[in-house]
Amino acid sequence: MKLKFYSIEKKVKIYLLNAPYLPHFTRDMRWQDTGRAGVFYYPVWLAYATGILEDAGFEARLIDSAARNWGMEQVLQDIGEFQPGLIVLDSSFPSLSHDLSIAETVKTKYPEVKIILVGAPASQFAETILMTDNVDFVARWEFDLTLKEMAEVLDRGGDLQSVKGISYKNSNVIIHNPNREFTTSEDLDKLPFASRVYRDHLNPKDYFLNYSLYPEVQIFTGRGCPFQCTFCSWTQTLMGRKYRMRRPSNVVDEMLWVQDNIPEVREVFFEDDTFTINKKWVLAFTEEYKRRGVKIPWGCQARADFDYETMKSMREANCLVAVVGYESGSDVVLKNVKKGITVAQIRQFAKDAKGAGLPIHGNWIVGLPGETHETIEMTKKLIKETNADAITVAVTTPFPGTELYEWAKNKGYLVTDDPNEYLDNQGHQKSIMSYPNLSSEEVAKIVDETLKGYFLSFSYIPIAIRRVCRRYGWDELRSMWHSAKAFLRYIAKR
Ligand code: SF4
């Protein structure tokens with residue numbers, strides 16, 4: 001299919017949009033919702049794409065309407081002023097219907113503009129999306145380099161057949177070009193700094209992670225995770241399982257850049273699937289961090305399987321938190337979801353982390369396959385025992401494209417098969433799996449009770465004091481206060 005809508009002299013302008021939906025809703029979260037603890041993610045994928053397009057000479061504009069508190073009228077007006085040739089529309093499973101209605105609204109007002117939809121649903125529902133006629137292209141899986149190639153082809157009137165990873169319609173026939181290979185470690189080293197895009201297009205003060213100092217920036221040091229957890233969405237719909245990483249020196253370059261250029265930022269958070277996969281890499285990074293005298297602290301997503309030596313080196317290199325997926329206190333449940341970690345390992349990990357002085361934010365999930373009232377009690381007991389600095393407890397969400405989703409669907413455990421029904425009217429994740437011995441309502445209730453039991457009990461006071469007494473105590477207190485207010489608002493509305 002040949003297509004040309006701008007001359008070579010005038011490069012296509014590109015508008016990247018996190019469109020209005022629920023307040024504080026970000027599509028680039030792993031578990032998309034409006035955040036019970038006030039969490040508000042950067043549109044991290046759109047930011048990488050923006051930087052790549054700018055480096056390739058395109059004029060790009062990144063708009064996070066949730067951060068700006070913009071409604072659709074403001075977005076339409078802004079599009080009219082910027083006059084893009086291509087709009088990159090981010091999507092997520094719980095917002096997909098809404099995202100398609102956004103595409104329709106934009107097309108109605110600006111029929112000549114081309115729209116490309118990106119995000120995890122693109123890899124699962126390309127046909128359905130294109131059949132709406134309001135979306136011209138879909139970029140499947142990891143999409144930032146795809147967008148660059150796509151923009152170049154559109155610019156020179158090239159052939160879309162050559163762009164790997166996209167789907168589109170040609171004379172009413174839907175064409176799926178072959179998948180694009182995932183980025184390599186070498187590719188990641190050449191990517192622009194997401195932090196630069198945040199500074200140029202967004203306001204870091206708009207974003208908040210309850211486990212990080214405020215304000216922070218979220219970047220990738222690596223992408224992909226080789227583990228097989230059946231519930232994990234990004235590995236199965238977006239990032240892939242191939243692990244690739246930047247050079248430690250490249251990551252440190254970005255941290256120094258943040259220190260010099262966005263001095264109000266207090267922490268860099270590594271939003272990788274799993275930062276601690278490669279011990280040699282982590283030790284090389286922590287050495288580089290210390291050798292070059294970086295000051296800004298950092299945090300990361302991790303697995304509960306790295307050793308004491310790694311923890312120590314992370315702590316000595318100013319790591320403030322590792323956000324770890326513990327998931328369950330039952331070996332049966334952990335095995336059912338192919339977590340590759342046992343309860344004994346979790347216990348040892350928590351003990352080692354305490355010994356190394358490495359703060360841990362523990363993530364737990366209720367309602368995974370094999371869950372019973374008994375296993376929930378085991379989880380509650382392990383939550384107490386591991387005594388993390390903070391926790392998240394989530395209901396199980398089987399995102400389309402995951403092994404968990406297929407399993408739940410085949411077993412008839414899904415309350416709804418429509419991901420657009422995944423959020424409640426406050427924008428929080430709904431419990432949508434019901435087992436014969438454990439209903440979806442029970443799971444939702446247990447999650448709330450567990451969170452209340454943790455944060456609103458006397459036993460949390462020493463944990464909170466421990467946090468506040470640390471080096472960045474005042475900043476920790478501010479973050480805790482912000483997230484406590486959001487959590488209390490959430491509880492009050494239940
Ligand atoms: S270890 Fe974490 S990122 Fe990797 S597959 Fe499991 S849940 Fe996903």
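Owing to the predicted nature of the structure, the values given are computational and were not obtained by experimental measurement. All ligand and atom numbering here is 1-based and tracks the order in the structure.
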By number and element, which atoms of ligand 1 are closer than 4.0 Å to a non-hydrogen atom of [X]?
X    : answer
C232 : 3 (S), 5 (S), 7 (S), 8 (Fe)
C225 : 1 (S), 3 (S), 4 (Fe), 5 (S)
D273 : 3 (S)
K339 : 6 (Fe), 7 (S)

Atom 1 (S) of ligand 1 has as its nearest protein heavy atom R303 NH1, 3.4 Å
Atom 2 (Fe) of ligand 1: which protein heavy atom is closest, and how many Å away?
T274 OG1, 3.8 Å
Proximity of F285 and F270 rings by center, below 6.0 Å
yes
Measure the CZ-CD distance between F93 and Q124 for me, rounded to the nearest 0.5 Å.
5.0 Å
I446 and L438: which non-hydrogen atoms are nearest, and at how many Å?
CD1-CD1, 4.4 Å
Which pair of non-hydrogen atoms, one from Y41 and one from D28, has the smallest distance, and what is that distance?
CD2-O, 3.5 Å
With R223 as the cation and F182 as the aromatic partner, state whether NZ or CZ is under 6.0 Å from the six-membered ring centre and within 45° of the axis.
no
SB check E142 K242 (cutoff 4.0 Å):
no
Tell me, please, if C229 has any N/O/S atom, main chain or side chain, under 2.8 Å from atom 8 (Fe) of ligand 1?
no
Contact between ligand 1 and Q301 is defined here as a heavy atom of the residue under 4.0 Å from a ligand atom; is it met?
no
